[in-house]
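Some notes on the structure that comes next.
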Amino acid sequence: MKIIVCCKIVPNEEEIRVLPDRSLDLSATPWKISQYDLNALESGRQLAAETKGSVTALSVGGPSALDSTKIRKDVLSRGADDLKLVIDDSHSFSDSLETAKALAGALKNCGAFDVVLCGMGSSDLYLQETGIQTGALLGLPSINNVTAIRPAGEGLLEVERTLEEEVETLEVTLPAVLSVSSEINVPSVPAMREIMRAGKKPVAVLDDLGALDGASLEMLEQLAPEQQERRQEVIEGDGDEAVEALAQFLKKECL
Amino acid sequence: MEAKTKDLWVFVETNEDGSAKNVGIELLTPGKMMAEKQGGTLTAVVIGHHTDAAVHAVATHGAARILVVDGPEYAHYTTDAYTIALCALVEKYGPTSMLIGATNKGRDLGPRVSCRLKGGLTADCTALDIDPDDGKVAWTRPAFGGNLMATIKCPNNFPQIGTVRPGVFKKCEETEASAEVIREEIHVDAKDIRTQVLEVIRDMNEEKVDLEGAEIIVSGGRGVGGPDGFAPIRELAAALGATVGASRAAVDSGWISHAHQVGQTGKTVGPKLYIACGISGAIQHLAGMSGADTIVAVNRDPEAPIFDVADYGIVGDLFEALPVLTEEIRRARA
């Protein structure tokens with residue numbers, strides 16, 4: 001089975017600085033693989049092992065994210081056989097439809113494939129729609145919140161999809177686009193051997209064929225949420241006295 | 001496509017028994033405000049099978065018009081059938097904007113429909129308004145793990161579509177039904193449905209965890225160390241009459257079910273009191289709970305970011321502190 005895993009390179013949200021005017025400073029924020037895409041890479045690795053298939057990783061983004069050798073090696077150490085990139089600084093990929101158009105354009109250029117795997121959402125924008133939009137643009141079936149994937153014979157997959165109160169088992173015809181839930185697996189930590197091999201795997205840069213017609217959404221305002229003032233009364237130590245003081249606080253203020 | 005009317009639509013998801021999901025009814029509340037500002041009719045769209053209960057519920061919660069598509073092919077949700085039906089309705093009636101509840105099905109349907117109609121979609125919104133200058137919807141949603149609230153417009157495409165997080169808006173009071181009900185026959189060929197539903201298992205074992213409605217939440221994170229580590233958390237919760245929450249780290253480790261998760265991939269909560277135990281305070285967790293009135297943190301690491309948002313903190317071992325605190329609370333409440 002030929003598997004393509006889409007992964008987004010995002011600013012590490014743990015290291016974003018909020019400035020006093022409530023804007024964000026991303027200048028010193030390092031890039032990382034979007035954490036939910038680690039689940040998609042892991043699913044790809046497992047499905048390829050079960051079906052004796054192959055995994056191509058695909059990412060679209062700006063040069064500051066995708067030119068990094070470290071990031072490329074990180075993706076390739078997680079089960080992908082090769083990496084395809086669409087590098088374009090002319091748009092910001094701040095809008096999932098733009099991203100989906102770039103992905104759909106690249107997928108048309110990737111040759112035949114059986115399944116495209118995406119994470120449930122990117123850890124920066126978390127719109128949770130890029131996979132579905134990519135499927136729609138390519139005219140392929142798409143399924144979100146996938147919590148299990150099983151090969152089901154020629155041209156078919158059996159997929160488990162978890163909803164709020166029920167679990168569905170679906171049969172989907174291939175090719176298809178699946179967005180996997182963060183619950184589907186625990187991504188394995190790459191072994192040293194995989195990290196060593198990653199540097200030797202092929203990386204191809206594709207032309208951007210998709211996102212030519214610009215953004216579908218317009219950003220009016222982006223500000224950090226106003227933070228509630230907190231008292232920040234912190235006591236060192238878990239002795240009875242400290243706990244008693246906490247109990248007093250709770251009784252007085254909250255209960 | 002072009003909008004033919006100024007109408008605002010709310011897509012109302014139905015359950016298997018034909019009743020309406022709560023979020024659809026909730027969205028009629030902001031829908032009414034938006035329809036008034038846009039000068040259009042608040043229209044609910046109900047798709048399903050045997051949908052009388054859902055139609056009644058929306059009629060008594062503010063919908064002025066209800067479009068109903070009822071048929072066996074809609075008894076269980078499939079992306080293809082629902083997309084075909086909803087797109088056909090949009091093309092016929094041309095609403096200016098549409099709200100969809102951000103359930104898993106809504107998150108699936110919204111982008112599929114918007115893409116087919118060649119437009120964008122603003123997902124997972126937490127606030128809605130109408131720009132008085134041009135009458136367009138201003139969609140507000142969190143980004144960057146909650147570091148940012150972005151307000152977005154969809155300038156060139158109609159309808160403007162957004163999904164809205166459940167629990168953000170409250171249902172309005174029930175009123176006398178006076179809605180105009182229009183039934184549309186839309187049939188979908190079996191060959192156009194490319195995913196087959198083989199089986200649906202209702203999760204009966206899973207305990208109901210009402211985090212969104214909870215007044216007090218006691219949550220555990222990586223610091224609880226294992227499934228047994230939730231015991232003192234459950235005991236404190238029981239003493240307080242609280243609901244048990246968890247961070248992603250604890251859920252991903254398999255120590256507690258996903259239903260308990262608070263944060264970006266879990267629930268957004270707003271209790272009076274939130275007690276975070278062994279939770280470091282990753283930004284994705286803070287995004288889900290920073291609206292709590294009072295935050296208490298117990299953590300061994302004095303540098304943990306959770307203390308930056310806490311009203312009251314104890315730097316210490318939760319396994320020492322919690323049993324004593326539970327005892328104190330029990331005594332006070334005895």
Testing the basics here: between [X] and [Y], what is the closest heavy-atom pair and its distance to 0.1 Å?
| X | Y | answer |
| --- | --- | --- |
| B:Ala123 | A:Glu129 | CB-OE1, 3.8 Å |
| B:Gln264 | A:Ser123 | NE2-O, 3.8 Å |
| A:Glu164 | B:Thr103 | OE2-CA, 3.3 Å |
| A:Gln133 | B:Pro111 | CG-CB, 3.8 Å |
| B:Asn104 | A:Arg161 | O-NH2, 3.5 Å |
| A:Glu236 | B:Pro302 | OE2-CB, 4.2 Å |

What distance separates [X] [atom1] from [Y] [atom2], expressed to the nearest 0.5 Å?
| X | Y | atom1 | atom2 | result |
| --- | --- | --- | --- | --- |
| B:Phe144 | A:Leu26 | CZ | CG | 5.5 Å |
| B:Arg333 | A:Lys251 | CZ | NZ | 10.5 Å |
| B:Leu148 | A:Glu221 | CG | CD | 9.5 Å |
| A:Thr169 | B:Ile201 | OG1 | CD1 | 5.5 Å |
| B:Arg248 | A:Ser182 | CZ | OG | 5.0 Å |
| B:Glu327 | A:Asp240 | CD | CG | 11.0 Å |

Between [X] and chain A, which part of the residue has a heavy atom less than 4.5 Å away: side chain, backbone, both or neither?
| X | value |
| --- | --- |
| B:Lys153 | both |
| B:Arg116 | neither |
| B:Pro142 | backbone |
| B:Ile152 | both |
| B:Ala310 | backbone |
| B:Thr265 | both |
| B:Leu198 | both |

[X] side-chain N/O to [Y] backbone N/O, donor-acceptor pair under 3.5 Å:
| X | Y | value |
| --- | --- | --- |
| B:Arg141 | A:Leu125 | yes |
| B:Arg194 | A:Thr173 | no |
| A:Gln232 | B:Asp308 | yes |

Side-chain heavy atoms of [X] within contact of [Y], under 4.5 Å:
| X | Y | value |
| --- | --- | --- |
| A:Ile132 | B:Asp108 | yes |
| B:Phe319 | A:Asp238 | no |
| A:Glu14 | B:Gln284 | yes |

**Prompt:** Which is it for A:Glu165 and B:Arg202 under the salt bridge (charged side-chain N to carboxylate O under 4.0 Å, His left out) test, yes or no, and what are the steps along the way?
**Reply:** CA-CA 6 Å; A:Glu165 285 161 3; B:Arg202 286 192 72 81; 3.5 Å; yes

**Asked** Where along residues 141-148 of chain A does a heavy atom come under 4.5 Å of chain B, listed by residue number?
**Response** A:Pro141, A:Ser142, A:Ile143, A:Asn144, A:Asn145

**Request:** Name, in order of residue number, those residues of residues 28-42 of chain A that have a heavy atom at a distance of less than 4.5 Å from a heavy atom in chain B; otherwise write 'none'.
**Result:** A:Gln35, A:Tyr36

Side chain, backbone, both or neither of [X] within contact of chain B (heavy atoms, under 4.5 Å):
| X | result |
| --- | --- |
| A:Leu250 | side chain |
| A:Ala176 | neither |
| A:Phe249 | side chain |
| A:Glu229 | backbone |

Counting heavy-atom pairs under 4.5 Å with chain A, which one of [options] comes out on top?
| options | result |
| --- | --- |
| B:Ala102, B:Pro166, B:Cys115 | B:Cys115 |
| B:Ile329, B:Ile314, B:Leu318 | B:Ile314 |
| B:Leu325, B:Leu121, B:Thr195, B:Thr151 | B:Thr151 |
| B:Val251, B:Asp124, B:Ile295 | B:Ile295 |

**Item:** Of B:Leu322, B:Thr326, B:Val324, the residue whose pairing with A:Val243 passes side-chain contact (heavy atoms from CB on, under 4.5 Å)
**Value:** B:Val324

**Prompt:** Is it true that atom CZ of A:Arg150 has more than 12 heavy atoms of other residues, nucleotides or ligands lying nearer than 6.0 Å?
**Reply:** yes

**Asked** Do B:Lys105 and A:Glu166 pass the salt bridge (charged side-chain N to carboxylate O under 4.0 Å, His left out) test, and can you show the C-alpha distance, the side-chain angles, and the key distance before you say yes or no?
**Response** CA-CA 12 Å; B:Lys105 289 177 188 171; A:Glu166 59 219 37; 3.8 Å; yes

